[in-house]
Amino acid sequence: MQAHEKWLTKAEEDLSFASLGLREQFFSHACFLCQQVVEKSLKGFLLGSGRPYPRQHKVVDLVSLCPEIQADLEPLKDELKLLDEFYVPTRYPDAIPGSLPAGSPSLDDAQTAFQTASAVLDLVRTKLTPPPPQPTKG
């Protein structure tokens, strides 16, 4: 398995677990995992495109390193910013006060995060999957 595939496999596992968290109403955990899905998807995209990935976690910054898919992700820019807000406050009870304007993530936040994570992972998979070979005329 190539390095980028390992990242995408981890992203898929996180998305599956986020789905469980959403269903069981663990919204903070689901939101954090969705941020991880996008982060791992983008790092996988960079590796699959022959580039290294930086040791950072901010998805908005990672998107800027992926010019081939920036236009595709433009409609999700607000959702990607929201995912970045989930990285720290969803994991630590003493996170920066006020880092999430409405407090803990809600059902709506978790659903939005899940839809965004699914869309980014699908986009990355599509962009990294080579087209099927065309039959040659003989």
Side-chain angles (χ1 to χ4, degrees):
M1 181 181 292
Q2 295 182 20
H4 76 278
E5 280 294 326
K6 291 178 183 178
W7 280 92
L8 297 181
T9 297
K10 286 292 187 187
E12 289 168 352
E13 290 172 3
D14 286 348
L15 189 64
S16 293
F17 206 67
S19 176
L20 292 173
L22 184 59
R23 186 183 75 220
E24 297 298 322
Q25 300 184 10
F26 291 104
F27 303 137
S28 288
H29 290 71
C31 288
F32 171 72
L33 286 169
C34 289
Q35 184 279 341
Q36 289 290 284
V37 169
V38 174
E39 180 182 335
K40 291 171 185 173
S41 296
L42 294 173
K43 289 178 177 181
F45 180 81
L46 288 167
L47 286 171
S49 300
R51 297 189 302 268
Y53 63 89
R55 302 246 182 227
Q56 67 182 46
H57 308 286
K58 194 170 181 182
V59 296
V60 173
D61 290 346
L62 290 169
V63 168
S64 71
L65 300 175
C66 305
E68 304 89 343
I69 59 173
Q70 274 182 332
D72 296 309
L73 294 174
E74 181 63 25
L76 299 174
K77 68 180 180 181
D78 291 337
E79 290 83 355
L80 294 170
K81 288 178 188 175
L82 180 64
L83 286 175
D84 276 336
E85 291 180 28
F86 295 142
Y87 185 71
V88 173
T90 57
R91 298 181 306 153
Y92 304 107
D94 62 349
I96 302 166
S99 53
L100 284 175
S104 295
S106 65
L107 171 62
D108 288 341
D109 291 329
Q111 288 173 329
T112 298
F114 188 82
Q115 291 166 354
T116 303
S118 296
V120 172
L121 180 57
D122 289 346
L123 173 66
V124 166
R125 278 256 178 236
T126 299
K127 294 290 185 176
L128 290 178
T129 302
Q134 297 296 318
T136 56
K137 294 182 180 182

For S104 and D109, which heavy atoms make the closest approach, and how far apart are they?
O-OD2, 4.5 Å
R51 and C66: which non-hydrogen atoms are nearest, and at how many Å?
NH2-CA, 3.9 Å
Side-chain heavy atoms of T116 within contact of C34, under 4.5 Å:
no
N-O pairing of K81 and E85 below 4.0 Å:
no
Value for CD (Q36) from SG (C31), rounded to nearest 0.5 Å, stands at 12.5 Å
Hydrophobic clustering (ILVMFWY, side-chain heavy atoms < 4.5 Å, transitive) - are F86 and F26 grouped together?
no
Which pair of heavy atoms, one from A30 and one from G21, lies closest together, and at what distance?
CB-C, 4.1 Å
If you round to the nearest 0.5 Å, how far is CG of D72 from OG1 of T126?
9.5 Å
Transitive ILVMFWY side-chain link L121 to L123, under 4.5 Å
yes
L42 and side-chain contact (heavy atoms from CB on, under 4.5 Å): which partner among L62, V37, L65?
L62
Say you draw a straight line from NZ of K43 to CZ of R55; how long is it, rounded to the nearest 0.5 Å?
7.5 Å
Applying side-chain contact (heavy atoms from CB on, under 4.5 Å) to Q115 and E79, what does each step give before you reach the verdict?
CA-CA 9 Å; Q115 291 166 354; E79 290 83 355; over 6 Å; no
Who are the side chain to side chain contact (heavy atoms under 4.5 Å, CB included) partners of L128, not counting sequence neighbours?
H4, L8, F45, S49, V124
Residue pairs fulfilling ring pair (Phe, Tyr, Trp, His ring centres under 6.0 Å) with at least one residue in residues 56-80, sequence neighbours excluded:
H57-Y87
Has D84 got a side-chain atom pairing as donor or acceptor with V59's backbone, closer than 3.5 angstrom?
yes
Show your reasoning for whether side-chain contact (heavy atoms from CB on, under 4.5 Å) applies to F27 and S106.
CA-CA 6 Å; F27 303 137; S106 65; 5.6 Å; no
Any side-chain heavy atom of L107 sitting closer than 4.5 Å to one from Q25?
no
For V38 versus A117, what's the shortest heavy-atom pair and its separation?
CG2-CA, 3.7 Å
How about Q2: does its CD atom have over 12 heavy atoms from other parts shown lying under 6.0 Å from it?
no
Once rounded to the nearest 0.5 Å, what's the spacing between atom CD of E39 and atom CG of L80?
12.5 Å
Let me confirm one number: the CD-CG distance from Q35 to D14, rounded to the nearest 0.5 Å.
9.5 Å
Could you tell me which residues satisfy ring pair (Phe, Tyr, Trp, His ring centres under 6.0 Å) with Y53, sequence neighbours excluded, listed by chain and number?
W7
Distance check, rounded to the nearest 0.5 Å: S28 atom OG versus L33 atom CG?
11.0 Å
